[in-house]
Structures are given as C-alpha cells and as structure tokens.
Number of protein chains: 2
Amino acid sequence: MSDRLYQPSDPAAAFQPHDHRHCSSAALDAAEARLARQGARLTPVRRRTLEILLESHRAMGAYEVLDRLAAEGFGRQPPVAYRALEFLVSHGLAHRLQRLNAFAACLNPGHDHNPAFLICRSCDRVAEAEAAPVRAVLSDVAAAAGFRVERATIEALGLCASCAAEGAA
Amino acid sequence: MSDRLYQPSDPAAAFQPHDHRHCSSAALDAAEARLARQGARLTPVRRRTLEILLESHRAMGAYEVLDRLAAEGFGRQPPVAYRALEFLVSHGLAHRLQRLNAFAACLNPGHDHNPAFLICRSCDRVAEAEAAPVRAVLSDVAAAAGFRVERATIEALGLCASCAAEGAA
DNA sequence: AGCTGAACGTAATGCTATAACAAATCCTTG
DNA sequence: CAAGGATTTGTTATAGCATTACGTTCAGCT
Ligand SMILES: [Zn+2]
Ligand SMILES: [Zn+2]
Ligand SMILES: [Zn+2]
Ligand SMILES: [Zn+2]
C-alpha cells in the first residue's frame, strides 16, 4: 500500500479556469479504480450520477440530479437519485454539503478523506481544502471539554479568488 | 461597553450534571439584557420559544418546538415557529445546527459568537466550544487557496465525557 | 382617535428525504 | 445451463423541513 502523503492536485483549481475535461475524466478514472479495489459496481445510474456531478464544480441538490437522470431514461422517483448519491458518498466518490443540502463530486477519490469545503457565495463553486490541521485544533478544543470528536463538518462560506478579483462584493 | 475577553462559563457544562435551573435562567436573563440593548422585543412567542429551547441542552427541530407552542395556545402553523426561531438566531440567542436541521439555545448570549458545536451521538446534548482557534486555522488553509472565509460551519459529532464514562460505544 | 410598521396567524405550497414493496438483474454453484 | 440468493432498480406513498403570500392584530407615535 503506497498511501503516501496526501497531495491534492490543486485545491484551488475548482475556482480557476482549467482544463475541466481532464479534471473530470481524471476523477472518473480514479473513481473506477477505487471501486475496482473495493469490489463495488459502478452501474449505469451510478456512473451517470457521478458524471453529472462532475460536469461542474458546483454542489447539486438530489432533485436537480434526479431531473437529469429522469430526462435520460432512468427512474423519476426520488430514491433513484438518493440511492445513487448515497452510494457515491459512502464509497468516497462524492461529498455531501450540509449547509446546502447538496452533493458534489469528490476530486480526489483515490484518497480517503473528509475535507473542509470552501463554498464561494458568488459563483457557487465548491473546493476541497485540507482539513487535517483544522480537525486537529478542533479535537484539541473538544478534548479540553472532555469530548471525543468522531466526525466533523467543516464548511466555509466566502469569496473565491476569481470572484474577489472580479470585484464581487 | 465592557466587552471583555470571552470567558465561557464552562463549555462542558452541558454534558455534566449541573444546576440547570440556574443555567437556563441565567441564559434567559442575559438574553433579555441583550435584547434591551438592541432595542428588540422579546414577545410572548419568542420568549416561550427560547424557554422551550432552554429546557434541555438538546437541539430541537422547528416542528417539535411548534407542537409545544401550539399546545400552549400559540399559532399552529410552521411560520410561527420558524419566525420565532429565526428571530432568536438572528439576535444571537440561539444557534442553528446544520447537521441536525435543528436549533439550540445559546448559553452565552451576552457575547457575539459563532461557536463550534459538540454534538454527543449518545445523549444528543449539544455544547458550544470556542471556535476562534479552529477558524483561524481554517482561514489560513483557505487563504492558501486564495479563498476568503466569511462564515464557517463547524460541527463535531462524537462522544461526551459522561457518555464515554458510562461506557457508551 | 388615527396612522404606521412590526408582529402574529392561517392557508397553501415547495423542497428534502425515507419507508415499503415489487420487478429486474447479477452472480454463484450444483 | 438451471436454481437460488443477493444486489440493484423502479414505483408508490409518506414523512420531515422550510417558505411564500396574505390578512389581522397590536404596540408606539402623532
Ligand atoms: Zn474541473
Ligand atoms: Zn467564486
Ligand atoms: Zn444547563
Ligand atoms: Zn453524551
């Protein structure tokens, strides 16, 4: 197992112009590789759901995904979307954003992680940031109160560099 | 204005046996004082809503609060609860927990703050922890990606000291 | 008393999520 | 290949969370 130090391709990429075709196909490839290792199946609905999430760096609501799936011939009932999304999340291929009640594709699915999320309030794009140092401090603060942290939600709302440069308030 | 350094009474109190009567009446007093300063009105529905939240250290869903209010002669439609809760939150007397879609009374309403929340998965109690150091690290991590954090949600799920001592898994 | 804006109440609706069950599909194993 | 079991997909129905719209009441002021 060569699980080397986590090296995100570029946490800020989501906010900058980039070769998104490459960006998303790399994520899809990594996802397939990961599922192969896990012995889980990337069925058509699941694959399509992941592709839909990967089209943008935004988070999408389950019903938004569902509309897309239904339009493409898949089932049109909520569980169709929720099941696919739940599968992706539980296999580390997507993340759920609590603040938004929405889902975003994971851009580093090869690595097991619970990132901190950076959500731009102007362009709605979402990026993943290294959460380890944040979690460490949080665990310390909690430990001072005798509390043992098992999972933590860390989601930041603010302004990305591109939007700030464009003079968004 | 003697807004001295923030000195939480005891962040872990929520998880420990304590004089809750004093605990909640102090919070209510502080809330009244704060609203007086702000020139906002603590009407009967609002006051009762705060009292209901203060009865326990758990977070309550809006409909749970609404049931209580309705049973006591207030309106029985969702906006009644949502408006009161929204008022409390926006005036710093209660917090909203994103993970739980629920609300909890603030225990230090005298001080303007966005705490980190510690949510015990065993007893469901919620405590507020000092978030400043956590936010500082988060801001740094975000800044490295060119992102400016404006607001952050920090919610930890885990096990409180009391539950851990009782041998909860 | 009369005006005005805040607060309250209700009806209606929309959005998010899950439970329960039936049909189809995959996968193993004899 | 056939039989059987587990997984996946689909549907119906329902639960849970939240807001819009609109009319009425009430505190505070002139
Ligand atoms: Zn991209
Ligand atoms: Zn942006
Ligand atoms: Zn207490
Ligand atoms: Zn506990």
Side-chain angles (χ1 to χ4, degrees), chain A residues 31-32 35-36 38-53 58-91 93-104 119 124 153 155, chain B residues 31-32 35-36 38-53 58-91 93-104 119 124 153 155:
Chain A
E32 282 177 342
L35 288 182
Q38 294 181 344
R41 293 167 49 201
L42 190 59
T43 62
V45 213
R46 291 169 178 173
R47 173 179 245 274
R48 194 71 198 103
T49 300
L50 181 54
E51 287 170 354
I52 289 170
L53 290 182
R58 291 186 308 108
M60 296 179 75
Y63 280 75
E64 197 180 346
V65 170
L66 178 58
D67 285 347
R68 295 284 308 273
L69 292 174
E72 297 175 19
F74 294 99
R76 39 187 65 260
Q77 307 306 322
V80 170
Y82 279 100
R83 276 196 292 241
L85 291 165
E86 152 66 17
F87 172 87
L88 295 177
V89 169
S90 68
H91 287 80
L93 311 182
H95 300 290
R96 179 185 201 121
L97 289 129
Q98 305 282 350
R99 275 195 88 100
L100 307 177
N101 289 331
F103 302 82
I119 307 165
D124 286 331
T153 300
E155 300 178 2
Chain B
E32 282 178 343
L35 288 182
Q38 294 180 345
R41 294 166 49 202
L42 190 61
T43 62
V45 211
R46 292 169 177 174
R47 172 178 246 275
R48 196 69 196 105
T49 300
L50 181 53
E51 288 171 353
I52 289 169
L53 290 182
R58 291 186 308 110
M60 294 179 76
Y63 279 75
E64 196 180 348
V65 170
L66 178 59
D67 285 348
R68 294 284 308 274
L69 291 174
E72 297 176 18
F74 295 100
R76 36 188 69 260
Q77 305 305 324
V80 171
Y82 279 100
R83 276 196 292 241
L85 290 166
E86 153 66 17
F87 171 88
L88 296 177
V89 169
S90 68
H91 287 77
L93 311 182
H95 300 291
R96 178 185 200 121
L97 290 132
Q98 304 284 349
R99 277 194 87 98
L100 306 178
N101 290 330
F103 303 81
I119 307 165
D124 287 330
T153 301
E155 300 178 2

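These figures come from a predicted structure and were not determined experimentally.
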Q) If you look only at pairs with a residue in residues 63-86 of chain A, which of them pass as a ring pair (Phe, Tyr, Trp, His ring centres under 6.0 Å), with sequence neighbours excluded? A) none

Q: Walk along DNA chain D from 5' to 3' and tell me the first and last nucleotide with an atom closer than 4.0 Å to a non-hydrogen atom of chain B.
A: D:dC17 to D:dA27

Q) Nearest to the side chain of B:V80, which nucleotide is it out of C:dT10, C:dA7, C:dA17? A) C:dT10

Q: Take the protein atom CG of B:L66 and the nucleotide atom P of C:dT10, then report the distance between them rounded to whole Å.
A: 10 Å

Q: Under 4.0 Å between any heavy atoms, over every strand shown, what does B:F87 touch: base, sugar-phosphate, or nothing? Just pick one.
A: nothing

Q) Looking at side-chain heavy atoms only, is the closest gap between B:L53 and B:L85 below 4.5 Å? A) yes

Taking N or O atoms only and anything under 3.5 Å, show me the protein contacts with nucleotides 21-28 of chain C, one pair per line.
none

Q: Give a yes or no on whether a salt bridge exists between B:R47 and B:E51, defined as a side-chain N under 4.0 angstrom from a carboxylate O.
A: yes

Q | Minimum-distance nucleotide to A:N101 side chain [options: C:dC8, C:dT10, C:dT16] | A | C:dT16

Q: Grab the CD-P distance between B:Q77 and C:dA11 for me, whole Å please.
A: 5 Å

Q. Expressed in angstrom and rounded to an integer, what is the separation of A:Q98 atom CD from C:dT16 atom P?
A. 14 Å

Q. Hey, is the side chain of A:Y63 pairing donor to acceptor with the base of C:dA17 inside 3.5 Å?
A. yes

Q: Mind calculating the distance between CG (A:L85) and C1' (C:dT16) to the nearest angstrom?
A: 12 Å

